[in-house]
Amino acid sequence: MRASQYYAPTLRQAPAEAEIPSHKLLVRGGFIRPLTSGVFTYLPLGLRVLRRVEQVVREEMNRAGAIEVFMAVLEPKELWERTGRWDSFQPQPLRTEDRTGRWFCLGPTHEEVITDLVARDVSSYKQLPLTLYQIQTKFRDEIRPRGGLIRVKEFTMKDAYSFDIDEAGLERSYQAMYAAYVRIFERLGLATLVVQAEAGSMGGSDTREFMCLNENGEDTVFMCDSCDYAANAECATSRVCEPDTLEDPGGAYEQIDTPGATTIQAISEMLGMPAQKMIKTLLYRVDDRFVAALVRGDRDLNEIKLQRATGAEELRMATAEEILGLTGAPVGFSGPVGLPDEVEIIADPEIEFLRNFVVGANEADAHLTGVNVGRDFEVSRYADLRQAAAGDPCPQCEAGKLQTRRGIEMGHIFKLGTKYSEALGALYTSEDGEQRPMVMGCYGIGVSRCVAAIVEEHHDEKGIAWPLTVAPFGVVILLLDPDNEELVAIADDLASQLEAAGYEVMIDDRDERPGVKFKDAELIGYPLSIVIGRKTAENGEVEVRRRRDTAEEVAPVAQAVARLQELAEDA
RNA sequence: CGGGGCGUGGCGCAGUUUGGUUAGCGCGUUUGACUGGGGGUCAAAAGGUCGCCGGUUCAAAUCCGGCCGCCCCGACCA
């Protein structure tokens, strides 16, 4: 390809709205252009990178035995109603209506479609196991797109779905995908950390996220500093340590005046007592009932965990009016003592080891001190409700402490079980003649997000440094003097040699000054380059460079391709 | 959805507080000349509904009201 004939507009300055490196560099380098919030156009260079990432994913999926299909973006409402997700999927899918008033959503995921497909065509255990996948555009009405390609409303995703006869089969399919993911991210040049995660709208039990640890990621990961425990903040937990000695419960609790102290911090300051000696009582509306969630004063409640613990479909904090109705007190003074019976009290396990603590009195401007579980109120059950915090003891090993890092979620694998196969009638006849639901798994990779992650991981102050596997062109030939026919001939000759050797080559033959070409090549991030200019050509030489470490050397024209290939080994 | 910021030629910005000729600057673009190994120099030129609608005023990029869009921080996801 000749740059003079190509469409790769670069910008000297990044648009003001871009903040993180991948966003700035992808726009500056002429890979993508914003269309509207969370929606981008791929320019030729960006499309090339996207296709290369897709190809790596495709090869590894095929190698793992998955079979490619291509499903429609439009998914009919009726199918989603059968799994109950038309109204419950979060975020709400983008929807559209045809001229007859029939509703569709722009597919945010394809469990319904694939399960329906397999339900129709597969009926025997002899046809299983089966793993199908596609690489396709997904739509999600993201509440807040951010970070260029990190989170967008329209993106390219690889989604795979496995169908097995039983849990043991699912385990094999799941492990095959796990292994494929490890290979994929390795080939993409992305160091990954596999973490425990929540299933969200997908449902299912065992789920793992493949994270690329990066400060511009949007997820928080907790990892142990001494063992391999790693979990997304949404489900990370910590070990509850029973203290060596427990305080003796004192006499009966006392009510004290705490005017205006509606926060733990305020009470803590007023009483000169640490927040660890207090209990936060959080009242939640859980479907059609109320629950009081108790966590230690210095802790935050994790709503996802509360939702899990209660099995709630919908969950929200009680309103001020509801709190007044339940406790007789305004917000800020709720406590577990004397709550109406219909309010279930669920407590975080840390509460069990607290003695003589402080709680709200269910009365305006008052708290209770010296309160004890069992004596003053009953906890209906204990469940992990607290948000883990950096420094907490590791739940998995004795010595470790948890630390937090930011991460980009590139892939997510789920064991779905029979949720979809039952809802959509994906049954098979077993060897003994019984009808059984297929046991499913699903496996996603954010392909376009991976492009952003690769840039986050592979760039410097000059621009991008693509790994050779995903580079839009593996080699750029900087033809510093495109009017010199001898040099043009050298460039053409080298280009055809390189192409014969399997490289894709961009010849920068634009009528630009050398500096412009050097800057653009570094911004765009070609892994390898050959510089052809008068200076070295006089000696029958060209310059050979590697972007990643700016290695550079001169080589005779005849040996340039061989030298480049040597550099490429490690590009 | 809550909080914050922004909207002025393709990109980056000044001007808005305190209304007042023809709306500036850098980069980019076009033409010409010189140049030619790290975003070069000189000269000339093109390119603007100052986000949109309405209001105040002799006069609005500037003041007021409404709306739209974009970005960032929080609660959700590949």
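Each chain gets a letter, A, B and so on, in the order the sequences are listed, and its residues count up from 1.
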Pairing partner (Watson-Crick or G-U wobble, both distances under 3.5 angstrom) of [N]:
| N | value |
| --- | --- |
| rG69(B) | rC6(B) |
| rU16(B) | none |
| rG47(B) | none |
| rA23(B) | none |
| rC63(B) | rG55(B) |
| rG38(B) | none |

Name the nucleic acid region contacted by [X], choosing base, sugar-phosphate or nothing; use a 4.0 angstrom heavy-atom cut-off, strictly under.
| X | value |
| --- | --- |
| Pro145(A) | sugar-phosphate |
| Val447(A) | nothing |
| Asp219(A) | base |
| Phe139(A) | nothing |
| Gly411(A) | sugar-phosphate |
| Gly515(A) | sugar-phosphate |
| Leu478(A) | nothing |
| Arg510(A) | nothing |
| Ala14(A) | sugar-phosphate |
| Glu142(A) | base |
| Asp159(A) | nothing |

[X] [atom1] - [N] [atom2] separation (whole Å):
| X | N | atom1 | atom2 | answer |
| --- | --- | --- | --- | --- |
| Glu19(A) | rC73(B) | CD | P | 7 Å |
| Gln13(A) | rG12(B) | CD | C1' | 4 Å |
| Asp511(A) | rG39(B) | CG | C1' | 15 Å |
| Gln387(A) | rG74(B) | CD | C1' | 13 Å |
| Asn302(A) | rC76(B) | CG | P | 8 Å |
| Arg208(A) | rA78(B) | CZ | C1' | 18 Å |
| Glu198(A) | rA78(B) | CD | P | 12 Å |
| Lys535(A) | rG38(B) | NZ | C1' | 11 Å |

Can you find a donor-acceptor pair, distance only, under 3.5 Å between [X] side chain and [N] base?
| X | N | value |
| --- | --- | --- |
| Arg513(A) | rG40(B) | yes |
| Glu512(A) | rG38(B) | no |
| Arg28(A) | rG28(B) | no |
| Glu543(A) | rG37(B) | yes |
| Thr36(A) | rG69(B) | no |

Please pick, from [options], the nucleotide with the shortest atom-to-atom distance to any side-chain atom of [X].
| X | options | result |
| --- | --- | --- |
| Ala16(A) | rA78(B), rC13(B), rG38(B) | rC13(B) |
| Val516(A) | rG39(B), rA78(B), rC11(B) | rG39(B) |
| Glu234(A) | rC77(B), rG38(B), rC71(B) | rC77(B) |
| Glu17(A) | rG12(B), rG39(B), rA78(B) | rG12(B) |
| Ile143(A) | rC77(B), rC1(B), rC72(B) | rC1(B) |
| Val152(A) | rG39(B), rA78(B), rG37(B) | rA78(B) |

Pick the [atom1] atom in [N] and in [M], then give their distance to the nearest Å.
| N | M | atom1 | result |
| --- | --- | --- | --- |
| rU49(B) | rG65(B) | P | 26 Å |
| rA75(B) | rC13(B) | P | 29 Å |
| rU62(B) | rC6(B) | P | 16 Å |
| rA45(B) | rA59(B) | P | 34 Å |
| rG54(B) | rC50(B) | P | 13 Å |
| rG55(B) | rU29(B) | C1' | 39 Å |
| rG51(B) | rU16(B) | C1' | 16 Å |
| rG9(B) | rC25(B) | C1' | 13 Å |

message: Before you tell me yes or no, could you show the steps for His412(A) and Thr207(A) under side-chain hydrogen bond (donor to acceptor under 3.5 Å, both in side chains), namely the whole-Å CA-CA distance, both residues' side-chain angles and the distance that decides it to 0.1 Å?
response: CA-CA 7 Å; His412(A) 199 159; Thr207(A) 95; 3.1 Å; yes
In terms of side-chain geometry, is the basic nitrogen of [X] or [Y] positioned less than 4.0 Å from the acidic oxygen of its partner?
| X | Y | answer |
| --- | --- | --- |
| Arg547(A) | Asp460(A) | yes |
| Arg510(A) | Asp508(A) | yes |
| Asp392(A) | Arg299(A) | yes |
| Arg316(A) | Glu322(A) | yes |
| Arg63(A) | Glu60(A) | yes |

Does a side-chain N or O from [X] land closer than 4.0 Å to OP1 or OP2 of [N], or not?
| X | N | answer |
| --- | --- | --- |
| Arg146(A) | rC73(B) | yes |
| Ser37(A) | rG69(B) | no |
| Arg140(A) | rC77(B) | no |
| Thr156(A) | rA78(B) | no |

query: Stacking between Phe518(A) and the base of rG37(B) (centre distance under 5.5 Å, interplanar angle under 30°)?
result: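 Here Phe518(A) fails the 5.5 Å or the 30° condition.
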field: From CA spacing to verdict: salt bridge (charged side-chain N to carboxylate O under 4.0 Å, His left out), Glu218(A), Arg449(A)
entry: CA-CA 12 Å; Glu218(A) 54 191 346; Arg449(A) 178 181 282 175; 3.0 Å; yes
message: Could you check whether any side-chain heavy atom of Arg545(A) comes within less than 4.5 Å of a side-chain heavy atom of Leu528(A), counting everything from C-beta outward?
response: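 SC-SC contact between Arg545(A) and Leu528(A) ruled out.
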field: Candidate pair Asn232(A) and Glu209(A), rule side-chain hydrogen bond (donor to acceptor under 3.5 Å, both in side chains), full reasoning
entry: CA-CA 8 Å; Asn232(A) 191 309; Glu209(A) 288 172 341; 2.7 Å; yes
message: Are Phe210(A) and Tyr443(A), when compared by the centres of their aromatic rings, separated by less than 6.0 Å?
response: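 Not close enough - the centres of the two rings lie 6.0 Å or further apart.
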